[in-house]
Amino acid sequence: MAAIFALCDCNNFYVSCERVFNARLVNRPVVVLSNNDGCVVARSNEAKALGIKMGVPLFQAQHIIDAHDVQVLSSNYALYSDMSHRVMSVLQDFTPEIELYSIDEAFLNLEHNVASGSLSDFGRKIRQTIYQWTGIPISIGMAETKTLAKLANNLAKKSEKAKGVLDLSCSPYQDHALECTPVGNLWGIGRQYAKLLNSHGITNAKQFRDVDIRWARKTLTVVGARIVEELRGNSCLPLESFPPAKKSLTCSRSFGHSVETLSDLREAVATFTVRVAERLRKNKLVAGAITVFVATNRFAKDAPYYADSATIEMAYPTDTTPELLERSMKCIEKLYRAGCKFKSAGVLLNALAPASPMTIRMNNDKQWVKSRSLIRAVDRINARMGRDTIKFGIVGVEQRWKTKFEKRSARSTTNWNEILAIA
DNA sequence: TCTGGGGTCCTAGGACCC
DNA sequence: TCTGGGGTCCTAGGACCC
């Protein structure tokens, strides 16, 4: 028997997380903003119904928000990632054959769990359990391939009848489901591909499924050909239970205010370097190259757009913050331009490798051994006493560049001082 | 005034080698 | 007149995802 994929997707995830801890948000239009309170990245169904589009800049949606008293929140990633862990761990109780695909989605293989025919019932049980144990509503789509499961999930969300669970495997309704799905809604078909397909008269998923596979390959590369195969029920994308090794790590931010001095820019880039280095060590990796990038506001009309990057390859891969800081500070000296109003910057680590003894330099390098054990001690203290209990002077105190989060809710599940209190 | 962040994969084309 | 050819590696750019 072949795999049966189930895609479990949390509904309006960030909004749903906020609602668990704030009943006033229930049954009202709610949006959650991106970093820097820039764009709308999550919407409740009520907000969607008002016509607020995904990814729209806040100021462009402001008139709708004012007119309908839409509740607006900054992102609270500490809360969302903790709620994500809770949802995923409940899912893992149902089957070990699970791929954690994103913060709010997981693929399951139910081939060994259920006799087909009772798949929907099993799905409902999962859905009900998740809701009861975490407060998060989810939708589940099932089918023979990941692409079809995604499609089923979309329909499960929209259909009144499905009540959040739709099994399209061996279903006589598959043709109809594909016909109802605009080709641009398919997993892997974005704006450009949709435009291209539309220009060839292909507007729905069924038409795309039935194209000549060689044409798909030629026009949309192997990516397109794979989607066609998946729509035909031939699985090309296996369940990935073990996350593949990371190839790069980035920490970047846009600034709350534009930055014009080298010293402010250095503080920002130093901060990003410290953060990304922490994640590097957490992943037990070392980096062989570091890239720093900066940019001015690309929307500004009164000043030219400037964006550039600088890379340093290291003779010895490293995971210690001081060594990475030394390089990123060199890069930023090169990139800085007086008179530019910088709006964003970032640090990217590349050429990652496992931090095994073989790759971490000779153990007889005394200086290296010492600095590694020092930074590990710092990590342990910060893990126990709170982030930045010990920090590097170079990151500064004022941090005038700081990203905005003006409407952030409490970190109700990860910080004792912000735990929900019932008055 | 105000426009996110963190990733991956694929291909074309140039450099280089024999 | 006729100006090799095939392989590999690297990178930039473009597409996609959530």
Mind running a 4.0 Å heavy-atom check of residues 190-206 of chain A against DNA chain C and sending the residues that fall below it, in number order?
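Of all residues in residues 190-206 of chain A, the ones placing a heavy atom under 4.0 Å from DNA chain C are A:Gly190, A:Arg191, A:Gln192, A:Tyr193.
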
Spell out, as yes or no, whether a donor-acceptor pair under 3.5 Å connects the side chain of [X] to the backbone of [Y].
X: A:Ser159; Y: A:Ala156; value: no
X: A:Asn153; Y: A:Ala149; value: no
X: A:Glu278; Y: A:Asp379; value: no
X: A:Asn350; Y: A:Ala289; value: no
X: A:Glu18; Y: A:Val15; value: no
X: A:Ser344; Y: A:Thr296; value: no

Just say parallel, tilted or perpendicular for the rings of A:Phe107 and A:Trp187, cut-offs at 30° and 60°.
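Answer is tilted, since the angle falls between 30° and 60°.
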
Once you apply a heavy-atom cut-off of 4.0 Å, does [X] come out as touching a base, just sugar-phosphate, or nothing?
X: A:Leu249; answer: sugar-phosphate
X: A:Lys404; answer: nothing
X: A:Asp37; answer: nothing
X: A:Gln62; answer: nothing
X: A:Val56; answer: nothing
X: A:Ser344; answer: nothing
X: A:Ile189; answer: sugar-phosphate
X: A:Leu348; answer: nothing

Would A:Arg408 pass as a cation-pi partner of A:Phe405, given that its NZ or CZ must be under 6.0 Å from the six-membered ring centre and within 45 degrees of the axis?
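Yes, A:Arg408 sits over the ring of A:Phe405.
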
Suppose you measure atom C1' in B:dC17 against the same atom in C:dG4; what distance do you get, rounded to whole Å?
14 Å

Whichever of A:Cys251 and A:Phe299 has the more 5' nearest nucleotide on DNA chain B, that residue is A:Phe299

Name the residue closer to the 5' end of DNA chain B, choosing between A:Lys301 and A:Val223 according to the nucleotide with the nearest heavy atom.
A:Lys301

Do A:Ser74 and A:Asp37 meet the criterion of a side-chain donor-acceptor pair at a distance under 3.5 Å?
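There is such a pair between these side chains.
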
Under 3.5 Å, is there a donor on one side chain and an acceptor on the other for A:Glu97 and A:Thr95?
no

Could you summarise the pairing of DNA chain C as dot-bracket text, marking Watson-Crick and G-U pairs under 3.5 Å with ( ) or [ ] inside the strand and | across strands?
....||||||||||||||

Contact check, side chains of A:Phe342 and A:Tyr306, non-hydrogen atoms, under 4.5 Å
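A:Phe342 reaches A:Tyr306 side chain to side chain.
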
What is the 5' to 3' range of DNA chain B, first to last nucleotide, that sits under 4.0 Å from any heavy atom of chain A?
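The protein-touched segment is B:dC2 to B:dT11.
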
